[in-house]
Amino acid sequence: MTTTATRQADVIVLGAGIVGVGAALHLQERGRNVLLVDRGEPGAETSHGNAGLIERASVVPYAFPREVGALAALATNRSIAVRYRPAALLKMAPWLARYWWNSAPDRLDRLGRAILPLIERCIDEHRRWTKAAGTEALMRAEGWIELYRTRRGLEQAARAACELASYGLAYDVLDRDTLREREPALLPGTVAGAVHWRDPVTVSDPGAVTRAYAALFAARGGTLEKADALALHQQGTDWVLPIGQTMWRAPEVVAALGPWSGDLYERLGYRFPLAFKRGYHMHYAAADEGGPRHPLCDAQAGFVLTSMRRGIRLTTGIELAGRDEPSDSWQLDRAESVARRLMPLGPRLDAEAWRGARPCFPDMLPVIGPAPRHRGLWLAFGHAHHGFTLGPVTGRLLAEMMLGEPTLCDPTAFAATRFGS
């Protein structure tokens with residue numbers, strides 16, 4: 001006869017991406033006995049596939065375009081930066097309308113100020129663990145460069161950068177010659193200039209950084225297991241999660257499941273307006289001229305080229321589609337064509353493109369805080385383009401809320417109740 005053992009934790013954290021690992025480490029540092037679970041390896045999903053930016057300079061949320069010209073260009077569905085599936089677009093219409101509404105200048109300013117305290121602390125919260133986790137060699141404090149192909153585009157970008165000076169950001173406006181000095185592998189005459197944002201930190205393997213943080217959590221005595229988050233259920237005042245022949249119990253749970261958050265919260269009766277901006281990446285061998293010294297963002301085509309341990313990674317912009325719809329190579333293929341005109345690239349190194357889904361809310365803010373109708377359930381998801389950037393600082397804010405400590409900022413803007421759930 002099979003017997004089932006019971007083990008007790010203070011908190012069960014569901015999801016070992018960068019947000020879940022960040023929460024687990026912060027709770028552990030506050031003396032909590034934490035069980036961290038994932039169906040796979042830590043950092044193997046969305047936390048693995050991004051462009052590797054800890055984006056300190058992203059003080060304005062990624063807004064929905066409101067200019068007629070920009071909207072007309074997107075309507076053709078030929079933009080490399082933003083691609084959509086027509087059927088998905090129809091389904092997303094209410095979400096897109098709310099996104100457009102929230103992107104009005106006054107509302108965008110309010111939303112940006114709400115998340116600014118997290119952006120301001122994003123690098124410091126990563127660095128809290130860098131030495132102990134052994135990730136120093138993977139991190140570069142040299143910023144990233146945004147490329148502009150026309151003089152007019154560069155002048156507009158320079159004016160926009162100047163307007164952000166009040167946030168204390170460091171940047172350089174680079175003419176063509178200065179840019180070539182910083183990025184000698186760029187082909188001559190391809191761009192008019194660039195803006196070099198110097199505050200952000202970049203990493204050469206974001207998945208490895210997340211795994212190193214998870215290993216640090218385990219080395220400090222935390223429990224890391226593989227499990228199905230959807231097996232979670234309530235039993236009395238506890239949350240219970242079966243793992244093999246063991247029933248884990250805890251009075252509190254953190255759900256940090258990224259794009260899969262809906263699989264859990266819908267089972268619990270919640271309806272959040274979560275949509276997905278999908279993205280792809282591919283790695284390339286470096287040509288004889290070498291690769292980018294900094295991450296390079298093509299401002300028009302929306303992709304990023306950056307040197308990773310695997311090779312030169314090209315990360316695409318936005319594809320509006322269902323989370324699990326089949327991949328479409330159109331966006332990546334055309335981004336690659338443009339990238340090869342900017343910089344020599346060797347052959348593809350991956351058998352197929354990686355695809356991931358950025359979980360996004362229409363107000364461009366994540367949910368961080370308690371579930372409205374379930375005692376002991378805490379939510380942390382919907383970070384859109386900034387999951388890797390905000391994972392550790394989200395963990396800190398959530399841990400402060402859970403333990404009743406003074407919080408680093410007012411968390412009201414991140415409350416799940418703002419959607420009426």
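The minimum heavy-atom distance linking Gly291 with Ala286 is given by the pair N-CB, 4.4 Å. Minimum heavy-atom separation, Ala353 to Leu332: CB-CD2, 3.5 Å. Contact between Ser327 and Arg278 at its shortest, heavy atoms only, is CA-NH2, 4.2 Å.
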Inset, instruction - Apply side chain to side chain donor-acceptor pair (under 3.5 Å) to the pair Arg313 and His283, showing each step before the final yes or no. - result: CA-CA 4 Å; Arg313 179 180 290 186; His283 292 98; 3.0 Å; yes
Legend entry - Asp109/Arg113 under salt bridge (charged side-chain N to carboxylate O under 4.0 Å, His left out): CA gap, chis, key distance, verdict: CA-CA 6 Å; Asp109 179 71; Arg113 293 186 182 282; 3.3 Å; yes
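Ring orientation note: the planes of Trp354 and His281 are close to parallel, at an angle under 30° on the 30°/60° scale. Classification of the Phe388-His126 ring pair by plane angle, with boundaries at 30° and 60°, yields tilted. The aromatic rings of Tyr62 and His386 lie parallel to each other, with less than 30° between the two planes, well short of the 60° mark.
No side-chain heavy atom of Trp330 sits less than 4.5 Å from a side-chain heavy atom of Glu319. Looking at heavy atoms from C-beta onward, His383 lies in side-chain contact with Thr394 at the 4.5 angstrom threshold. Residues Thr389 and Ile123 are not in side-chain contact: their nearest non-hydrogen atoms beyond the backbone lie 4.5 Å or more apart. Annotation: side chain of Pro295 is not in contact with side chain of Ile145 (no heavy-atom distance under 4.5 Å). Between Leu397 and Cys409 the shortest side-chain heavy-atom distance falls below 4.5 Å. You'll find the side chain of Ile54 stays beyond 4.5 Å of the side chain of Pro200, heavy atoms only. In this structure, Ile318 and Arg83 have side chains that are not in contact, with every pair of non-hydrogen atoms separated by 4.5 Å or more. In this structure the side chain of Leu320 reaches within 4.5 angstrom of the side chain of Leu96, judged on heavy atoms.
Remark: Arg418 qualifies as a cation-pi partner of Phe361 under the 6.0 Å distance and 45° angle criteria applied to the six-membered ring. Judged by a 6.0 Å distance limit and a 45° cone about the ring axis, Arg373 is positioned over the six-membered ring of Tyr270. Trp260 carries Arg39 over the face of its six-membered ring, with the cationic atom under 6.0 Å from the centre and within 45° of the normal.
Within a 6.0 Å sphere centred on CD of Glu352, other residues, nucleotides and ligands contribute 12 heavy atoms or fewer. Atom CZ of Arg66 has more than 12 heavy atoms from other residues, nucleotides or ligands within 6.0 Å. Other residues, nucleotides and ligands contribute only 12 or fewer heavy atoms inside 6.0 Å of the NZ atom of Lys91. Residue Arg310 places its CZ atom among more than 12 non-hydrogen atoms of other residues, nucleotides or ligands, all under 6.0 Å distant.
The existence of a salt bridge linking Asp263 and Arg267 is excluded, since no basic side-chain nitrogen approaches an acidic carboxylate oxygen closer than 4.0 Å. Between Arg30 and Glu405, at least one side-chain N (NZ, or NE/NH1/NH2) sits under 4.0 Å from a carboxylate O, which counts as a salt bridge. Taking a cutoff of 4.0 Å between a charged side-chain nitrogen and a carboxylate oxygen, Glu163 and Arg159 do not qualify as a salt bridge. The residues Arg220 and Glu29 are annotated as salt-bridged, a charged nitrogen and a carboxylate oxygen being separated by less than 4.0 angstrom. Contact check on Arg85 versus Glu325 returns a salt bridge, with a Lys/Arg side-chain nitrogen under 4.0 Å from an Asp/Glu carboxylate oxygen. Taking 4.0 Å as the cut-off between side-chain N and carboxylate O, Arg348 and Asp333 count as a salt-bridged pair. Under 4.0 Å is where a charged nitrogen must lie from a carboxylate oxygen, and between Arg355 and Asp328 no such pair does. Salt bridge status for Asp172 with Arg182: present, with a side-chain N to carboxylate O gap under 4.0 Å. One finds a salt bridge joining Arg128 and Glu125 here, because a Lys/Arg side-chain nitrogen approaches an Asp/Glu carboxylate oxygen to under 4.0 Å. In this structure, Arg375 does not pair ionically with Glu252, as no charged nitrogen and carboxylate oxygen lie closer than 4.0 Å.
For Trp197 and His294, the gap between ring centers reaches or exceeds 6.0 Å.
Within the model, atoms OG1 of Thr316 and CZ of Phe303 stand 10.5 Å from one another, a figure rounded to the nearest 0.5 Å. Taking CG of Asp350 as the start and CE of Met282 as the end, the distance is 5.0 Å to the nearest 0.5 Å. Remark: Asp228 CG to Leu241 CG distance equals 8.0 Å, nearest 0.5 Å. Atom CD of residue Glu225 and atom CH2 of residue Trp248 lie 6.5 Å apart, to the nearest 0.5 angstrom. The OG1 atom of Thr315 lies 8.5 Å from the CG atom of Leu305; values are rounded to the nearest 0.5 Å. In this structure, SG on Cys360 lies 8.5 Å from CZ on Phe276, to the nearest 0.5 angstrom.
A donor-acceptor pair is defined here as one N or O able to donate and one able to accept, closer than 3.5 Å; such a pair exists between the side chain of Glu400 and the backbone of Leu408. In this structure, the side chain of Asn77 engages the main chain of Tyr84 through a donor-acceptor pair within 3.5 Å.
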